[in-house]
2 protein chains.
Amino acid sequence: MEKMTIKDIAKLVGVSTATVSNYLNGNLSKMSPATQKKIADMIRNTNYVPSSVARGLATNDSKTIGVSVADITNPFTSTVLSGIYEECGKHGYRVLFTNASSDASHETDNISKLQNQQVSGLIIDPVEGDSPIYKTITNRNAVMIDRQAKQIKVDTVVTDNFDSVKRFVSKMLDEAYDVMYYVSWPLKNVSTRWNRYNGFLAATGYVSGTHYLSVHNTGDTSEFLDELTAIMKENAGKKVGFFTMNGRVLIRLLAAMEFLGLQYPIDYGVGSYEDLDWMSILKPAISCISQDSYAIGTMSAQILLNKLDAKSEMEPRLIEVPTSEKIRGSF
Amino acid sequence: MEKMTIKDIAKLVGVSTATVSNYLNGNLSKMSPATQKKIADMIRNTNYVPSSVARGLATNDSKTIGVSVADITNPFTSTVLSGIYEECGKHGYRVLFTNASSDASHETDNISKLQNQQVSGLIIDPVEGDSPIYKTITNRNAVMIDRQAKQIKVDTVVTDNFDSVKRFVSKMLDEAYDVMYYVSWPLKNVSTRWNRYNGFLAATGYVSGTHYLSVHNTGDTSEFLDELTAIMKENAGKKVGFFTMNGRVLIRLLAAMEFLGLQYPIDYGVGSYEDLDWMSILKPAISCISQDSYAIGTMSAQILLNKLDAKSEMEPRLIEVPTSEKIRGSF
DNA sequence: CTGTTAGCGCCTTCAT
DNA sequence: ATGAAGGCGCTAACAG
């Protein structure tokens with residue numbers, strides 16, 4: 001069975017390619033029910049599938065969504081991606097995948113390549129808060145995830161960072177913690193980290209820059225250990241609580257505490273952003289804020305696809321996806 | 001700056017499109033150094049980027065690798081994907097992503113769509129051991145991951161399942177366990193699960209079908225709990241060990257044991273396939289077999305891309321990626 | 001209702 | 001060393 005083309009179908013059925021094309025595109029009003037059926041049958045019999053490449057050339061629309069993620073290895077990200085994929089599939093769009101591996105220049109490369117590959121739209125899960133490349137994307141055909149620029153230029157889907165952390169940390173405070181600390185990757189200019197920190201500050205009333213502790217994703221943790229040691233010593237006798245900004249940070253904290261011979265919820269208390277499967281089997285289980293990563297994926301795709309066919313230029317929106325709390329026994 | 005085409009460049013430089021095309025494709029021998037330079041400059045100045053869609057149409061090669069994964073949410077899978085992406089990028093290929101969400105019919109759909117979208121090649125991380133759709137893929141332009149059919153028809157990249165489990169379980173046995181059990185998702189016809197089970201059998205000498213315990217990924221675990229209870233009762237007084245076939249199964253086991261009020265390594269011992277970040281912070285930390293998921297990704301892409309340009313039909317190979325052991329304190 | 005006919009942007013003989 | 005021209009498979013006016 002050779003590769004069929006629209007021409008073959010047209011010839012076999014005895015109509016012109018235009019008619020077949022119209023059929024393919026749902027312009028059924030433009031032909032008799034009889035030819036409709038003949039074409040339908042022929043397509044079925046020959047297993048004909050139109051070439052999306054050729055169609056892309058002709059329509060200048062590849063029906064492809066380019067996705068740039070910061071780090072696909074992050075459980076949050078892979079769940080988001082699965083949401084994006086499902087939603088795109090539902091609307092007949094394909095997904096061109098790129099991954100920055102947390103490297104900003106890699107990301108720049110990825111995004112500009114996607115742009116040069118005539119994708120219909122772009123979904124970006126940014127590595128950092130800002131990058132020159134972000135200026136090159138337009139609200140017409142892009143949405144960003146998780147990054148809340150000071151001035152939103154492009155539709156952005158984020159999780160409820162500030163408020164959920166504020167509520168959660170307040171709850172910790174209610175448990176009579178004397179002092180609290182926010183643990184995070186280096187804040188840099190990553191809005192997610194800042195928003196959660198600000199929620200923390202709002203709940204505690206601390207001033208910005210204090211009660212903040214950072215770990216690096218990679219390399220040695222001796223510095224972190226020192227800071228932690230200092231904190232625990234400084235607050236000897238007090239009830240001290242920690243809020244970690246995601247699961248991986250939590251792992252760093254727990255490992256460090258373990259190293260220092262300290263145990264929660266006795267020597268300290270913990271709560272975390274992000275709900276990962278393993279958190280529930282720790283003893284005690286970790287109380288956390290659960291974000292709906294899948295929904296973030298589907299929402300962002302939905303918004304993007306909507307504006308792709310709406311064709312009307314809207315002003316950029318900020319969509320906040322709600323979270324839920326899982327209170328277990330870690331504080 | 002309008003969208004440049006090859007024609008524009010040709011006109012601006014004062015040559016024909018053929019010459020520009022030759023330049024673009026590295027056929028530099030076909031033109032004078034002078035024109036080479038002129039073209040190069042013009043391309044740079046105008047920011048011209050050839051349309052991959054048009055090129056795809058003309059060459060009938062989209063320079064795109066279609067990827068079908070069983071479940072992107074699985075940490076193994078997302079790491080594999082990152083490997084695939086890096087390797088493909090290195091060779092100028094793009095990655096079209098699809099995800100089956102562990103659903104076989106969804107997968108069938110994904111793969112056949114990819115096939116109809118003139119991808120240059122296919123990488124498949126299969127949902128199950130077999131599916132009619134797998135018959136439609138050819139070794140010419142595809143590689144499979146992690147699935148070892150009885151008869152390999154397509155290059156397949158797997159991790160060292162059998163031997164590494166055999167070695168690891170032997171090591172557990174050396175710790176004087178009286179009896180051991182293999183815990184897994186339902187074996188079905190998934191080669192990975194079977195191979196690990198067979199390695200387990202080889203180490204223990206048990207007969208197939210015994211000392212095997214399955215959990216379902218979803219739904220209630222009461223059945224599992226009952227089986228576990230029976231096992232622990234039946235082996236009262238004995239030193240009993242468990243080997244879980246991956247991290248998620250391990251979580252199920254630990255949760256169940258916790259529910260039964262049992263603790264490792266006192267009441268039982270555990271070891272697992274797969275090395276996940278949280279395993280090292282459990283107390284005691286989990287001893288496990290660490291597979292190189294990233295390498296599996298890069299290898300499979302490498303093999304695929306190699307044969308895509310080698311153009312010589314080779315016979316299907318089975319590539320086994322080695323593992324390493326992390327012995328910690330869980331048994 | 002249906003057919004004709006230009007393109008879409010690039011590649012590729014075949015001439016020159 | 002360079003150019004002219006046809007074609008890849010499909011779409012979209014415009015005719016009829």
Side-chain angles (χ1 to χ4, degrees), chain A residues 1-40 42-43 46-64 92 94 115-120 309, chain B residues 1-40 42-43 46-64 92 94 115-120 309:
Chain A
M1 220 174 295
E2 272 310 298
K3 183 67 184 172
M4 285 286 140
T5 76
I6 198 175
K7 218 182 275 176
D8 299 324
I9 300 293
K11 193 167 301 171
L12 286 172
V13 174
V15 298
S16 77
T17 64
T19 303
V20 178
S21 173
N22 277 133
Y23 174 85
L24 256 21
N25 295 301
N27 299 332
L28 303 183
S29 60
K30 291 192 159 192
M31 73 202 74
S32 69
T35 41
Q36 269 176 50
K37 183 164 179 352
K38 284 199 288 187
I39 295 179
M42 188 54 68
I43 287 182
T46 59
N47 276 312
Y48 165 69
V49 181
S51 156
S52 41
V53 176
R55 174 179 296 179
L57 218 214
T59 60
N60 193 27
D61 177 5
S62 58
K63 291 285 180 188
T64 300
R94 312 177 295 175
Q115 286 171 152
N116 290 330
Q117 280 163 11
Q118 36 265 194
V119 295
S120 318
D309 64 27
Chain B
M1 220 173 295
E2 272 310 299
K3 182 71 185 170
M4 284 286 139
T5 77
I6 198 174
K7 218 182 279 177
D8 298 325
I9 301 293
K11 193 167 300 170
L12 286 172
V13 174
V15 298
S16 78
T17 64
T19 302
V20 178
S21 173
N22 277 132
Y23 175 85
L24 254 23
N25 295 299
N27 299 332
L28 303 183
S29 59
K30 291 192 160 192
M31 70 202 75
S32 68
T35 43
Q36 271 176 49
K37 182 163 182 349
K38 283 199 287 184
I39 296 179
M42 188 54 68
I43 288 181
T46 59
N47 276 313
Y48 166 69
V49 181
S51 155
S52 42
V53 175
R55 179 187 309 224
L57 218 214
T59 61
N60 195 26
D61 177 7
S62 58
K63 290 285 181 188
T64 300
R94 312 177 294 176
Q115 287 171 151
N116 290 330
Q117 280 164 12
Q118 35 266 195
V119 294
S120 319
D309 64 27

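All values below come from the heavy atoms of this structure, side chains included, with hydrogens, waters and symmetry mates left out. Protein chains get the first letters and strands the later ones, always in sequence-line order, with residue 1 at the start of each.
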Could you give the CD1-to-P distance, from A:I6 to C:dT4, as a whole number of Å?
-> 14 Å

Atom-pair distance (CE on B:M4; C1' on C:dC10), nearest Å = 16 Å

Result of checking A:T35, A:V15, A:L12 against A:V20 for side-chain contact (heavy atoms from CB on, under 4.5 Å) = A:V15

Quick one: closest heavy-atom pair of B:R94 and A:Q117, and the distance?
-> CD-OE1, 2.9 Å

Just report the end-to-end axis angle for the helix from C:dC1-D:dG16 to C:dT16-D:dA1, five pairs per end, to 10 degrees.
-> 40°

Starting at the 5' end of DNA chain D, which residue's closest nucleotide do you reach first, B:A54 or B:S16?
-> B:S16

Quick one: A:Q118 CD to C:dC8 C1', roughly how many Å, whole number?
-> 11 Å

Which residue, B:M31 or A:S52, contacts DNA chain D at a nucleotide closer to its 5' end, judged by nearest heavy atom?
-> B:M31

DNA chain D: first to last nucleotide in contact with chain B (atom under 4.0 angstrom from a heavy atom), 5' to 3', is D:dA1 to D:dG9

Between the protein and nucleotides 12-16 of chain C, list every N/O to N/O distance that falls short of 3.5 Å.
none

Could you tell me whether A:Y23 contacts a base, only the sugar-phosphate backbone, or nothing, with contacts defined as non-hydrogen atoms closer than 4.0 Å?
-> nothing

Atom NZ of A:K7 to atom C1' of C:dT5: distance rounded to whole Å?
-> 12 Å

Partner of B:S21 by side-chain contact (heavy atoms from CB on, under 4.5 Å), out of B:T17, B:N25, B:T19 = B:N25

d(CD1, A:I39; C1', C:dG3) in whole Å = 12 Å

